[in-house]
Amino acid sequence: MIQLVKGTKDIFAGEVTAWQEIEKKMRNICQTFGIGEIRTPIIEFTELFVRGVGETTDIVQKEMYTFTDDGDRCLTLRPEGTAGVARAYIEHGMHNQAQPTKLYYISPTFRCENTQAGRQRQFHQFGVEVLGSYSAAQDAEVISVAAALLEEMGIKDVELRINSLGCPQCRSNYNKILRDFIGQNLGKLCPTCKERFEKNPLRVLDCKEESCQGIIANAPSVLECLNGECMEHFQKVQDILTEMGIAFTIDPKIVRGLDYYTRTVFEFVSDGLTVCGGGRYDNLIEECGGKPTGAVGFGLGIERLVMILEKQKGEITEVPQRDVFIGSMGEKGFLKAQGLTLDLRKAGILADCDTVERSVKAQMKYANKIGTKYSLVIGDSELENGTVELKEMETGEKTMISLSEASQILVQKCK
RNA sequence: GUGGGUAUGGCGCAGGUGGUUAGCGCGCCAGAUUGUGGCUCUGGAGGCCGUGGGUUCGAGUCCCACUAUCCACCCCA
């Protein structure tokens, strides 16, 4: 048998209704915040992610699905959503629209890494990106979208953690200070961190190796290295969040795994799991070939969200409801049932009928299983008399109705 | 990439120290005096016991490899 590819999943039955609910809430919230949807391709030139996400990131170094097509183009299945949106923003000259541009997406995303609960190779990411604004209020607004969404989902005990990585200038200052600091203990670092030390010392900060942890514990904080403007920006973000009534804590250890972040970075954490993470990325657009453009956004894995919701609320098993089941007996009744069912469906009634010519008993069992409100059985005598018994399944109560008016009566009862 | 657990009909599981036709629960299908569900009873379908090697007269059961899956690490969403 040909089975599922590692790290992929079929979503159906109760699970798919849970997804639909979640997606509906996402779309609704975005609509109220004035954020429009964008659908970008799954494949992009590899170069976009190498430049956008950052060469030193784990994503680019070992987790991308990259291939060459028959035109010798080097392509990659998107490993995150932001780079594609940045590309689209530049490509379509969106900076000519009313600024800032506010976009969201819900899309399959791919990373070739080891699987675990709530972590697939093909996963689905919801993201919000606001491009064309450098303002601190924009950071706060984006954070407020995420906060509103998590609240709407009913996720318990969510904690917002924020930090600032500063602008490239602050960052380079900090890198220098950090490098000096770590350099003294270079020998004790894990092999990965030695490499990180050369390319991007910031990433040493979130290494979980014990040997590295000990060194990092006393490392200077990024926040101490922010210049006046960046400090002011970060302070303003905090002031607005406070004004909005959004609680947060400052965590100088948050660096995020993607290189494009500048200034504000944030994470929403529940039960020790990061449900949602994002930040400002003022250099990404330029990096991808556009004009310098401020931008801020966040992303969220739907699989992880579903997992957390299941854990907190229990499994969601919703069976699609049916209004009426049209049973039948004999050839003529069977034919009549097919026609009546379609009439009802066209009238917006959730109707179903027997299509496999089973016994009436079996049909009733089926009607019960699919959870129908009403049922009726059309046979020779019904066709002769022009009447039929309408049965309410829950109570078992039966009413005699006219067959010719059955359609109208059901429409009334079920609307 | 590293370490550990698991792998038996659609789902959940049982199958002491290897031995003949591989079981159970749920589900599915069909019956229980003629055309009506939910409870109960009866019957039926459905598995080359993850894949490939090996040990043996004989392996679901032991050994090895591979694959998948779960957990932890790593990283992130």
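Naming: A, B, ... by sequence-line order, numbering from 1 per chain.
Taking a cutoff of 4.0 Å between a charged side-chain nitrogen and a carboxylate oxygen, A/Glu392 and A/Lys373 do not qualify as a salt bridge. Of the charged side-chain nitrogens involved, at least one lies within less than 4.0 Å of a carboxylate oxygen, so that A/Glu15 and A/Lys9 count as a salt-bridged pair. Salt bridge A/Lys398/A/Glu389: present, at least one basic N to carboxylate O contact under 4.0 Å. The pair A/Lys102-A/Glu141 counts as a salt bridge, with a side-chain nitrogen and a carboxylate oxygen less than 4.0 angstrom apart.
With hydrogens and angles disregarded, a donor-acceptor distance shorter than 3.5 Å links the side chain of A/Arg111 to the backbone of A/Pro79. Judged by distance alone, the side chain of A/Asp323 and the main-chain N or O of A/Cys414 form no donor-acceptor pair under 3.5 Å. Under a 3.5 Å cut-off, the side chain of A/Thr274 and the backbone N or O of A/Cys276 do not form any donor-acceptor pair. A/Thr8 contributes no side-chain N or O that, together with a main-chain N or O of A/Leu4, makes up a donor-acceptor pair within less than 3.5 Å. In this structure, A/Gln363 contributes its side chain and A/Ser328 its backbone to a donor-acceptor pair below 3.5 Å. Counting only distance, with no hydrogens or angles, the side chain of A/Thr46 and the backbone of A/Cys74 share a donor-acceptor pair below 3.5 Å.
Partners of A/Asp10 according to the salt bridge (charged side-chain N to carboxylate O under 4.0 Å, His left out) rule, which considers only residues two or more places apart in sequence or in another chain, do not exist here. For A/Asp352, the salt bridge (charged side-chain N to carboxylate O under 4.0 Å, His left out) partners at least two apart in sequence or on another chain are A/Arg322, A/Arg345. In this view, A/Arg87 and A/Glu44, A/Glu91 satisfy the salt bridge (charged side-chain N to carboxylate O under 4.0 Å, His left out) rule, not counting sequence neighbours. For A/Tyr104, the ring pair (Phe, Tyr, Trp, His ring centres under 6.0 Å) test picks out no residue, with sequence neighbours left out. Among residues two or more places apart in sequence or in another chain, the salt bridge (charged side-chain N to carboxylate O under 4.0 Å, His left out) test is passed with A/Glu23 by none. With sequence neighbours excluded, the residues satisfying side-chain hydrogen bond (donor to acceptor under 3.5 Å, both in side chains) with A/Glu80 are A/Thr82, A/Tyr260.
B/rG16 and B/rA22 have their P atoms separated by 15 Å, with the value rounded to a whole Å. A gap of 41 Å separates the P atoms of B/rG46 and B/rG1, to the nearest Å. Here the separation of B/rA30 from B/rG37, taken at their C1' atoms, is 16 Å to the nearest Å. The gap from the C1' atom of B/rG27 to that of B/rC70 amounts to 25 Å, rounded to the nearest Å. Atom C1' of B/rG23 sits at a distance of 27 Å from the matching atom of B/rC63, rounded to the whole Å. For the P atom pair drawn from B/rG38 and B/rC28, the interatomic distance equals 12 Å after rounding to whole Å. The P atoms of B/rC11 and B/rG19 are separated by 27 Å, rounded to the nearest whole Å. Using P as the reference atom, B/rG10 and B/rC29 are 16 Å apart when rounded to the nearest Å.
Counting non-hydrogen atoms under 4.0 angstrom, A/Glu113 reaches a base of the nucleic acid. Residue contacts shown for A/Gly330 are absent, as no nucleic acid heavy atom lies under 4.0 Å away. Among the protein residues, A/Gly7 comes within range of the sugar-phosphate backbone only, with heavy atoms under 4.0 Å from sugar or phosphate atoms but none that close to a base.
Distance from the side chain of A/Glu63 is smallest to B/rC75 among B/rC75, B/rA77, B/rA68.
Between A/Asp354 atom CG and B/rG35 atom C1' there is a gap of 13 Å when expressed in whole angstrom units. Per the geometry, CZ belonging to A/Phe325 stands 14 Å off P belonging to B/rG38, to the nearest Å. The nearest whole Å value for the distance from the OH atom in A/Tyr105 to the C1' atom in B/rA77 is 10 Å. Computed from coordinates, the A/Gln122 CD to B/rA77 C1' distance equals 14 Å when rounded to whole Å. Rounded to an integer number of Å, the gap from A/Asp10 CG to B/rU69 P is 12 Å.
The stretch residues 275-288 of chain A participates, sequence neighbours left out, in these side chain to side chain donor-acceptor pair (under 3.5 Å) pairs: A/Glu129-A/Tyr281, A/Asp139-A/Arg280, A/Arg280-A/Asp282.
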Under the rule of Watson-Crick or G-U wobble with both distances under 3.5 Å, where | means paired to another strand and [ ] a crossing pair, RNA chain B maps to (((((((..((((.....[...)))).(((((.......))))).....(((((..]....))))))))))))....

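A donor-acceptor contact under 3.5 Å is not formed by the side chain of A/Asn368 with the base of B/rG38.
Listed by residue number, there are no residues of residues 138-164 of chain A with a heavy-atom contact under 4.0 Å to RNA chain B. Listed in residue order, the members of residues 356-366 of chain A having a heavy atom less than 4.0 Å from RNA chain B are A/Arg358, A/Val360, A/Lys361, A/Ala362, A/Met364, A/Lys365. Interface residues of residues 379-393 of chain A facing RNA chain B, ordered by number: A/Ser381, A/Glu382, A/Lys391, A/Met393; criterion, heavy-atom separation under 4.0 Å.
Of the residues near RNA chain B, A/Lys398 and A/Leu300, the one whose nearest nucleotide (by heavy atom distance) lies more toward the 5' end is A/Lys398. Mapping A/Ser375 and A/Gly301 onto RNA chain B by nearest heavy atom places A/Ser375 at the nucleotide closer to the 5' end.
Listed pair A/Lys369 / B/rC29 meets the phosphate criterion, a side-chain N or O lying under 4.0 Å from OP1 or OP2.
A/Thr387 and A/Ser402 are not linked by any side-chain donor-acceptor pair at a separation below 3.5 angstrom, with hydrogens and angles left out of the test.
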Between the protein and nucleotides 2-13 of chain B, which nitrogen or oxygen pairs come in under 3.5 angstrom?
residue : atom : partner  : partner atom : Å
B/rU2   : O4   : A/Asn114 : ND2          : 3.3

